[in-house]
There are 2 protein chains.
Amino acid sequence: MLKKYTIRDIAELAGVSKGTVDRVLHNRGKVSETALKKVNKVLDKIDFKPNPIAKNLKSNKVYRICVLVPDPIKDVYWKPCLNGINDAILELGAFGVNIETVFFNPTSTKSFLEANLLVQKKLPDAVLLVPIFNTEALIVLEDYKNLGIKVSTFNNNIEFGSVKNFIGQDLFQSGRVAAKLLHCIVPKGDIAILHINENYENAVFMQEKEKGFENYFNELNSSDFTILKEKLKLPDFESVLTKFIDEHPNLTGIFVTTSKTYQVADVIQKITNKKIALVGYDLLNENIKHLKKGTIDFLIHQHPRQQAYLGLKFLVEHFLFDKKIPSNLLLPIDIINSENVNVIMND
Amino acid sequence: MLKKYTIRDIAELAGVSKGTVDRVLHNRGKVSETALKKVNKVLDKIDFKPNPIAKNLKSNKVYRICVLVPDPIKDVYWKPCLNGINDAILELGAFGVNIETVFFNPTSTKSFLEANLLVQKKLPDAVLLVPIFNTEALIVLEDYKNLGIKVSTFNNNIEFGSVKNFIGQDLFQSGRVAAKLLHCIVPKGDIAILHINENYENAVFMQEKEKGFENYFNELNSSDFTILKEKLKLPDFESVLTKFIDEHPNLTGIFVTTSKTYQVADVIQKITNKKIALVGYDLLNENIKHLKKGTIDFLIHQHPRQQAYLGLKFLVEHFLFDKKIPSNLLLPIDIINSENVNVIMND
DNA sequence: TTGAAAGCGCTAACAC
DNA sequence: GTGTTAGCGCTTTCAA
């Protein structure tokens, strides 16, 4: 069992003062060669881990973190994120962490920019944000960098040179998972990729999923399947989808690349008795209803709650305990059916 | 934004000393009626959350936790638990927590009892254990209770009157998940539940899984399926299984209730070209190979690593930060196929 | 029954 | 450059 060393121990062993040890440990300069050597000699010998608790006590700082997330009223997909944020607030509040949520309209880049401006004025210690608009996100990331504000992102990754942390899912691979699922339900036939274009989602997400999906069937290289693609938009959603289904009598499976899978299920249920396998995304209540009824076969869970929660947790533990924030954390691609949907932990 | 109150603030507001406030907060007695009233009056008004960090600094106690887990050499299923334990050690060591692992032979109740005796002699602050032997587990739980040692359990739940925490999976429901999966792969035929009896696993686990599995098909109430059951044991495993498959030409699906699913896959692959859908448990390397090859269709992930890691994490956070330990934490029932197997987080 | 004071490990300000 | 010291919020001891 190893002894727990303190800086006092080190100071005594090295024959210097605690202050000097602290200076050496944190490269605060103003240390003579000889003192440096003495301290380092001791540090080499022992396994010193500064007590992360004591470190924090002193500063007595209240860390402020802002979360920037699309308004759940505009798109219910984001609601679980709020729960994750609230969990984090409850859990971390006692540590003197101040977490503030700012919403933006996910259909408006202007709203996104304004929300970020608001946040920047607050000068928080860190920001956790959903960078759904690629161009604008790069701009604000640059701003945060200049302001010296730490940034973590979740939901979707964007390319940014400087340090930035990401929590989300491997969308390409999740497309492959969907493909495999359909493949195991359906022996053959036409299989459709349906994009429900909400005109705000940067096409990148859906493209990644689509690529993964196609990649699976390409590798399979089987003449049993034909892959179709269709884009749907809301005003004439139902008529276009109905027409599409009518025109493809061999349609046996559908992959929907967004959380609006239930909209497709609604239509299928309405217009045909034929079994069409359906795989989509996210545990919205409407989706879950269809899952239990059997209209939707599988949902892929993107862990929105976890993403937000972990994003905050990592930031706080970084501030409080000097923990390293994982730079690119890919959450598992959870396959959900009617039987395990009720046992999902933390959404 | 609320002010962060300290006991000093409260003391000043109430017109008493910090010591008295502390006594009131922790019911340490020796407080006069009047002082109690004064302090409570203040406490009612403000939202006081003691700083969990400072609380811990003083005591400077090294918490000692023992983990009792089956020897991974005897059954490789337990290997991920070690990783979880090591993660916890790495992460929590700096907080002055001492975690010690003790193995027992999962085929020997004697070994289990001896290991516990060893642990009890050490008088740790808490114990995290896998109570695979029901009767013996109840005995040692009673011992720990008398010694005032906190106990958390994982992997399988046992009925014990006094306080005890559990982390694991809903086995009944996981049986239903397996059933649903087979149901979605296979349109009809004979479906077999195979128990691979390793004679140490308390039959309870497998029974729960079996019950859930049957429950699903009973509810389905379809004449398309016939449910068969068979127990296999190692010496004549292959011959018995071969005979079983030969005798059931309509066999279209198999559910294996243990992590030894790959053993069944090996045999199927060897003796027949017919597609038999196979669903089993756990991400052993051999299972993953079959999953990728297609001999196994789905695996259900029981999160062994997470179970051990969370068990330790909860105990430590309880000691350090007074967090409440969830008394019965059911981890999600993860469905794994060839595509999402590589993205599983923390095993 | 109560208040005062020391001290946990670390940081930071301040003398020397 | 370096040692000393005060102090973070809380617990615990000790004297009153």
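Labels below follow one simple rule: chain letters A, B, ... track the order of the sequence lines, proteins then strands, and each chain is numbered from 1.
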Does a side-chain N or O of B:Thr20 approach OP1 or OP2 of C:dT2 to a distance below 4.0 Å, or not? no
Look at the aromatic rings of A:Phe112 and A:Phe104 and report parallel, tilted or perpendicular, splitting at 30° and 60°. perpendicular
For B:Glu33 and C:dT2, what is the distance between atoms CD and C1' respectively, to the nearest whole Å? 15 Å
Using the side chain to side chain contact (heavy atoms under 4.5 Å, CB included) rule, take A:Phe48 and A:Leu25 through it: C-alpha gap first, then chi angles, then the decisive distance, then the call. CA-CA 10 Å; A:Phe48 174 65; A:Leu25 286 173; 3.6 Å; yes
Looking only at the side chain of B:Asp22 (C-beta and beyond, no hydrogens), which of the listed nucleotides D:dG1, C:dT11, D:dT11 gets closest? D:dT11
Establish whether the base of C:dG3 is bridged to the side chain of B:Arg23 by a donor-acceptor pair shorter than 3.5 Å. yes
Whole angstrom is fine here: how far is it from CG in B:Asn56 over to C1' in C:dC10? 15 Å
Between C:dA4 (P) and B:Arg8 (CZ): distance, integer Å: 12 Å
Whole-Å distance, B:Arg28 CZ to C:dG3 P, equals 16 Å
5' priority, DNA chain C, between B:Lys18 and B:Thr34 [closest heavy atom]: B:Thr34
Round to a whole Å and report the spacing from NZ of A:Lys30 to P of D:dG3. 15 Å
Could you go through the ring pair (Phe, Tyr, Trp, His ring centres under 6.0 Å) check for B:Phe95 and A:Phe321 one step at a time? CA-CA 10 Å; B:Phe95 289 95; A:Phe321 307 132; 5.1 Å; yes
B:Ser32 side chain: which of C:dT2, D:dT2, D:dC10 is closest? C:dT2
So for atom NZ, which belongs to A:Lys61, do other residues, nucleotides or ligands contribute more than 12 heavy atoms lying within a distance under 6.0 Å? yes
Less than 4.0 angstrom between a side-chain N/O of A:Thr6 and OP1 or OP2 of C:dG9, yes or no? no
Using the C1' atoms of five pairs at each end, what's the angle between the two axes of the helix from C:dT1-D:dA16 to C:dC16-D:dG1, to 10 degrees? 50°
Take atom CZ of A:Arg28 as the centre, draw a 6.0 Å sphere, and report whether it contains more than 12 heavy atoms from other residues, nucleotides or ligands. yes
Send over the distance from A:Asp9 CG to C:dC8 P, rounded to a whole Å. 11 Å
Are any of B:Ser17's side-chain N or O atoms less than 4.0 Å away from OP1 or OP2 of C:dG3? yes
For A:Asp322 and C:dT11, what is the distance between atoms CG and P respectively, to the nearest whole Å? 9 Å
The test is side chain to side chain contact (heavy atoms under 4.5 Å, CB included); show your working for B:Thr153 and B:Asn155 and say whether it passes. CA-CA 7 Å; B:Thr153 60; B:Asn155 186 70; over 6 Å; no
Where the side chain of A:Ala54 is concerned, which of C:dC10, D:dT12, C:dG3 is the nearest nucleotide? C:dC10
Specify the separation, in whole Å, of atom CD1 of B:Ile10 and atom C1' of D:dC10. 12 Å
Which part of the nucleic acid, if any, lies within reach of A:Tyr5 when heavy atoms closer than 4.0 Å are counted: base, sugar-phosphate only, or nothing? nothing
Answer yes or no: are there more than 12 heavy-atom neighbours, outside B:Lys38 itself, under 6.0 Å from its atom NZ? yes
Do other residues, nucleotides or ligands put more than 12 heavy atoms under 6.0 Å from the NZ atom of B:Lys164? yes
For a quick check of understanding: with a heavy-atom distance under 4.0 Å over all strands, which category does A:Lys55 fall into, base, sugar-phosphate or nothing? sugar-phosphate
Scan A:Asn51 against the nucleic acid and name what it touches under 4.0 Å (heavy atoms): base, sugar-phosphate only, or nothing. sugar-phosphate
For the side chain of B:Leu57, counting heavy atoms from C-beta on, which of C:dC8, C:dC10, D:dT2 is nearest? C:dC8
